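Below is one structure; the comments refer to it alone.
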Protein chains: 2
Amino acid sequence: MLKSKASQNAADQRNITRLRVLEHIRTEGSISRIDIASALQTSPATVTAATADLISAGLIKEIETEHQSKSAKRGRPRVLLQLDGGSYLIAGLKVARHMISVILADFEGNEVTSYKYPLDDVRMTPGAFVATIRTALDLACAQINATLNSLSGVSIGIAGLVDAERNFVHWSSSLTERNVDFSQFLETELPCPAFIENDANLVAKAEQLFGLGKGLKNFLVVTIEHGVGLGIVLDGKLYRGERGCGAEFGHTKVQLDGALCQCGQRGCLEAYVGDYALIREATVADQGTGTETVAEIHKNARSGDERAKSVLTRAGQMFGLGISNLINLFDPECIILSGTQMDLEHLYSDEVMARIRSGVVNVDTLLPEIKAHHWGDLMWAKGAAAYGIEQVSILKVKELATNAP
Amino acid sequence: MLKSKASQNAADQRNITRLRVLEHIRTEGSISRIDIASALQTSPATVTAATADLISAGLIKEIETEHQSKSAKRGRPRVLLQLDGGSYLIAGLKVARHMISVILADFEGNEVTSYKYPLDDVRMTPGAFVATIRTALDLACAQINATLNSLSGVSIGIAGLVDAERNFVHWSSSLTERNVDFSQFLETELPCPAFIENDANLVAKAEQLFGLGKGLKNFLVVTIEHGVGLGIVLDGKLYRGERGCGAEFGHTKVQLDGALCQCGQRGCLEAYVGDYALIREATVADQGTGTETVAEIHKNARSGDERAKSVLTRAGQMFGLGISNLINLFDPECIILSGTQMDLEHLYSDEVMARIRSGVVNVDTLLPEIKAHHWGDLMWAKGAAAYGIEQVSILKVKELATNAP
DNA sequence: CATATTTAATTCAGCGGGTAAAATATTTAC
DNA sequence: GTAAATATTTTACCCGCTGAATTAAATATG
């Protein structure tokens with residue numbers, strides 16, 4: 001049922017307004033209509049219309065106004081609006097090498113339950129991939145006596161090159177095949193809309209919607225884990241590059257013909273900062289006596305082991321160089337370093353910050369804020385859930401448009 | 001005279017449509033209304049309205065339709081539209097260390113005349129700066145028996161940190177002062193609107209409007225000259241960063257604690273690729289026998305001088321590394337290298353391209369196009385003129401909105 | 001306690017940009 | 001010359017947003 005151009009454009013405009021309102025409510029937590037109008041520079045009448053639509057879609061709800069609250073003013077009290085957390089259940093998945101992590105989240109991004117599903121094979125065929133995801137979802141839903149049908153959206157994060165707009169995976173370390181179009185697979189296997197995205201972009205979405213990037217227009221999210229990832233948010237939108245394969249911060253080169261990276265190239269940042277790089281170096285420093293874990297390297301460094309310290313110091317130097325390059329190129333409002341406490345420890349130090357400062361041109365202007373966000377191991381799955389929540393919001397608003405009275 | 005919200009938004013919308021039409025005509029050169037409608041996914045009625053406005057503003061004109069041209073089809077012939085080149089005269093200036101270059105261009109970007117005004121002082125006070133610009137403009141106008149009053153816009157390019165939206169210069173190597181607000185200065189000294197921008201951004205604008213970036217959404221322009229500059233065009237718009245000091249490609253670090261750069265930091269790309277870097281290296285290679293020029297280095301390399309060759313080779317290696325990092329981060333449609341024939345010679349070689357390829361992740365996808373654009377020495381001034389043309393377009397369309405019948 | 005006052009939210013008529021459809025313009029085909 | 005084809009313009013209308021008027025819901029006041 002193709003709509004005419006006129007109603008297309010008009011509906012588009014209206015959806016944009018509704019999404020802007022929804023987004024503002026999400027950012028503010030709870031807010032009255034009149035404040036939305038003034039913040040978005042729009043008229044109260046428009047806000048009334050938009051919020052009515054959003055309420056009827058179950059996306060937001062009114063909460064009881066606190067009478068004579070703070071400033072005991074008279075006049076009709078403001079009715080606060082906030083996300084309607086309970087109305088939709090969203091699943092976020094992260095596919096890692098030996099594990100699928102699942103989070104079921106409510107519409108406000110709160111974790112309802114989580115589940116970890118161990119993986120035998122690092123690489124799967126597309127069919128096995130989708131089937132495994134389905135199984136993991138079933139088990140996660142079972143934990144709260146729900147079924148797949150309770151889900152309003154599923155969002156899947158994987159490492160690799162993903163064209164999120166088409167649910168198309170150019171390449172992923174979790175798949176045996178290249179160039180897989182998941183739009184078919186997912187539609188037949190899952191009873192709700194599903195989305196695939198690059199994992200670093202998902203974390204960026206989580207920071208934007210619920211984390212340290214709330215309300216920011218231009219910021220970068222650097223993820224630290226096995227590798228080094230980057231999510232770029234410009235003008236409030238994820239920047240994915242022309243072919244969907246940008247933001248490969250971990251593989252920017254910090255040394256001409258430098259250390260060998262997993263990707264086969266030399267001098268990648270990841271080859272100095274990734275966990276395998278640390279382990280490789282530490283092993284050499286130990287004269288190859290055994291395979292040390294990253295945790296052990298940290299422990300040894302703390303207890304004064306000069307070789308372990310040196311490994312972490314160089315990682316920090318290279319990391320600082322890379323971050324200062326990001327600032328020199330993007331001049332963002334803020335850079336968020338996302339990872340576990342341990343992964344960030346040696347990368348969010350005074351020495352690294354000093355090196356960043358010394359690598360950014362024009363030191364008299366204030367440096368962009370650099371914040372560390374210490375996540376637990378569900379960081380990626382939570383990111384996926386955040387993306388799912390946003391995508392479901394967009395779908396519900398679109399449905400509104402077509403079902404208009 | 002403040003307009004109401006309603007007319008503001010509506011007028012905005014309309015201006016956006018008119019600018020989109022104007023932009024498309026500029027990109028296509030000459031095009032009929034029906035083709036504009038189909039290209040912009042809009043209705044013929046809207047195009048009729050928009051083009052009528054643009055014609056009345058003197059921005060575009062109809063050109064004689066060629067009867068039964070190519071395909072001898074019947075039906076009413078298409079009327080081609082194109083920019084109305086003659087209607088406005090725009091000045092573009094580039095302030096360099098010892099010279100101000102001026103271009104007077106028509107509205108289609110064609111050079112009407114050019115003029116070079118030698119500078120005694122590298123650094124000037126803001127007052128002297130504006131006065132000098134005025135003098136240079138006067139002399140340039142005199143060449144075609146025109147006056148300053150003939151100009152519809154003046155665009156000024158300088159090296160440094162510029163907040164173009166406010167005509168505010170945070171810092172420039174051409175000024176004795178920091179944090180200069182030129183909006184006042186220019187308004188009193190010049191009889192027409194004037195704009196200041198960072199010089200690399202201007203070249204990017206020139207590529208977008210009239211050069212190799214025509215019609216592209218996401219591309220990068222790397223300028224090679226004394227230093228290495230970058231202009232970033234994302235989603236069709238210049239990306240300037242949060243504080244207007246992004247795109248400092250020349251000062252991204254390609255070597256930890258590497259060669260000393262003009263900016264005082266170590267390891268900057270520019271410290272390996274800039275002309276002063278080449279001269280410094282070559283002088284060492286010559287055992288300090290004298291100051292070689294870049295042209296001589298090239299000549300020596302061509303005639304087999306291994307030391308000169310080595311200087312250029314390393315510059316190329318570092319440049320290739322930097323470019324591959326840009327691709328890894330931005331994944332652009334295209335990278336345009338802009339400079340003189342000589343400056344680009346050793347940087348647009350097969351060796352450098354091979355190094356770029358070897359530094360970009362995911363080699364199975366096609367590399368973004370890398371094009372060299374060999375400009376003459378008026379590159380920067382032409383860039384300024386391009387920016388001026390765009391700004392004047394925007395102003396004229398805005399005037400239309402307020403003068404509507 | 002009744003009423004005035006204040007502020008929030010909603011309703012409603014109208015503006016204005018964009019559209020589809022109709023009308024008009026201008027050509028070639030026959 | 002007339003019909004057919006194609007481009008452009010005109011016209012009536014749709015729809016989102018707005019300002020103004022209205023309604024709603026609280027406090028202040030005497």
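Predicted model only: the values in this text are computed from it and were never measured. In what follows, chains are A, B, ... by sequence order, proteins preceding strands, each numbered from 1.
- The stretch residues 45-54 of chain B touches DNA chain D through B:Ala45, B:Thr48, each having a heavy atom within less than 4.0 Å of the strand.
- Between B:Leu80 atom CG and C:dT27 atom P the separation is 13 Å, expressed in whole Å.
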Only pairs under 3.5 Å count here: list side-chain donor-acceptor contacts from residues 79-87 of chain A, not counting sequence neighbours, and write none if there are none.
unit_1, atom_1, unit_2, atom_2, d
A:Ser87, OG, A:Gly58, O, 2.6
A:Ser87, OG, A:Asp84, O, 2.8

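- We find that A:Arg166 and A:Asp181 are not joined by a salt bridge, their nearest charged nitrogen and carboxylate oxygen being 4.0 Å or further apart.
- A salt bridge does not link B:Lys217 with B:Glu333: every distance from a Lys NZ or Arg NE/NH1/NH2 to an Asp or Glu carboxylate oxygen is 4.0 Å or more.
- The interatomic distance linking B:Leu40 (CG) with C:dG17 (P) rounds to 18 Å, in whole Å.
- Phosphate contact (OP1/OP2 of C:dG18, side-chain N/O of B:Thr17, threshold under 4.0 Å): present.
- For B:Phe210, there are no ring-ring contact (aromatic ring centres under 6.0 Å, His included) partners, not counting sequence neighbours.
- Interatomic distance, B:Lys396 NZ to B:Ser152 OG, rounded to the nearest 0.5 Å: 5.0 Å.
- Here the C1' atom of nucleotide C:dG16 and the CG atom of B:Asn15 are 13 Å apart, to the nearest Å.
- With rounding to whole Å, A:Arg14 atom CZ is found 17 Å from C:dG18 atom C1'.
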At a cut-off of 3.5 Å, list every protein nitrogen or oxygen paired with a nitrogen or oxygen from nucleotides 4-7 of chain C, distance to 0.1 Å.
unit_1, atom_1, unit_2, atom_2, d
C:dT5, O3', A:Arg74, NH2, 3.4
C:dT6, O2, A:Gly75, N, 3.1
C:dT7, O2, A:Arg76, N, 2.6

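- Using a 4.5 Å heavy-atom threshold, the side chains of A:Ile156 and A:Glu197 count as separate.
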- [ ] Give the intermediate values and the outcome of side-chain hydrogen bond (donor to acceptor under 3.5 Å, both in side chains) for residues A:Asp53 and A:Ser56.
- [x] CA-CA 5 Å; A:Asp53 293 342; A:Ser56 87; 5.2 Å; no
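- The OG atom of B:Ser393 sits 11.0 Å away from the CD1 atom of B:Ile60 when rounded to the nearest 0.5 Å.
- The pair B:Arg20-B:Glu23 does not meet the salt-bridge criterion, since no charged nitrogen lies less than 4.0 angstrom from a carboxylate oxygen.
- Residues from residues 28-36 of chain A lying near DNA chain D, meaning a heavy-atom separation below 4.0 Å, are absent.
- One finds no side-chain N or O of B:Gln13 lying less than 4.0 angstrom from the OP1 or OP2 phosphate oxygen of C:dG16.
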- [ ] Take A:Asp163 and A:Arg240 through the test salt bridge (charged side-chain N to carboxylate O under 4.0 Å, His left out) and record every step on the way to the result.
- [x] CA-CA 8 Å; A:Asp163 185 338; A:Arg240 297 190 174 92; over 6 Å; no
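- At whole-Å resolution of the value, CG in B:Asp12 and C1' in D:dG16 are 15 Å apart.
- Distance CD (A:Gln41) to C1' (D:dC17): 14 Å, rounded to an integer number of Å.
- In this structure A:Glu62 satisfies the salt bridge (charged side-chain N to carboxylate O under 4.0 Å, His left out) test together with A:Arg33, sequence neighbours excluded.
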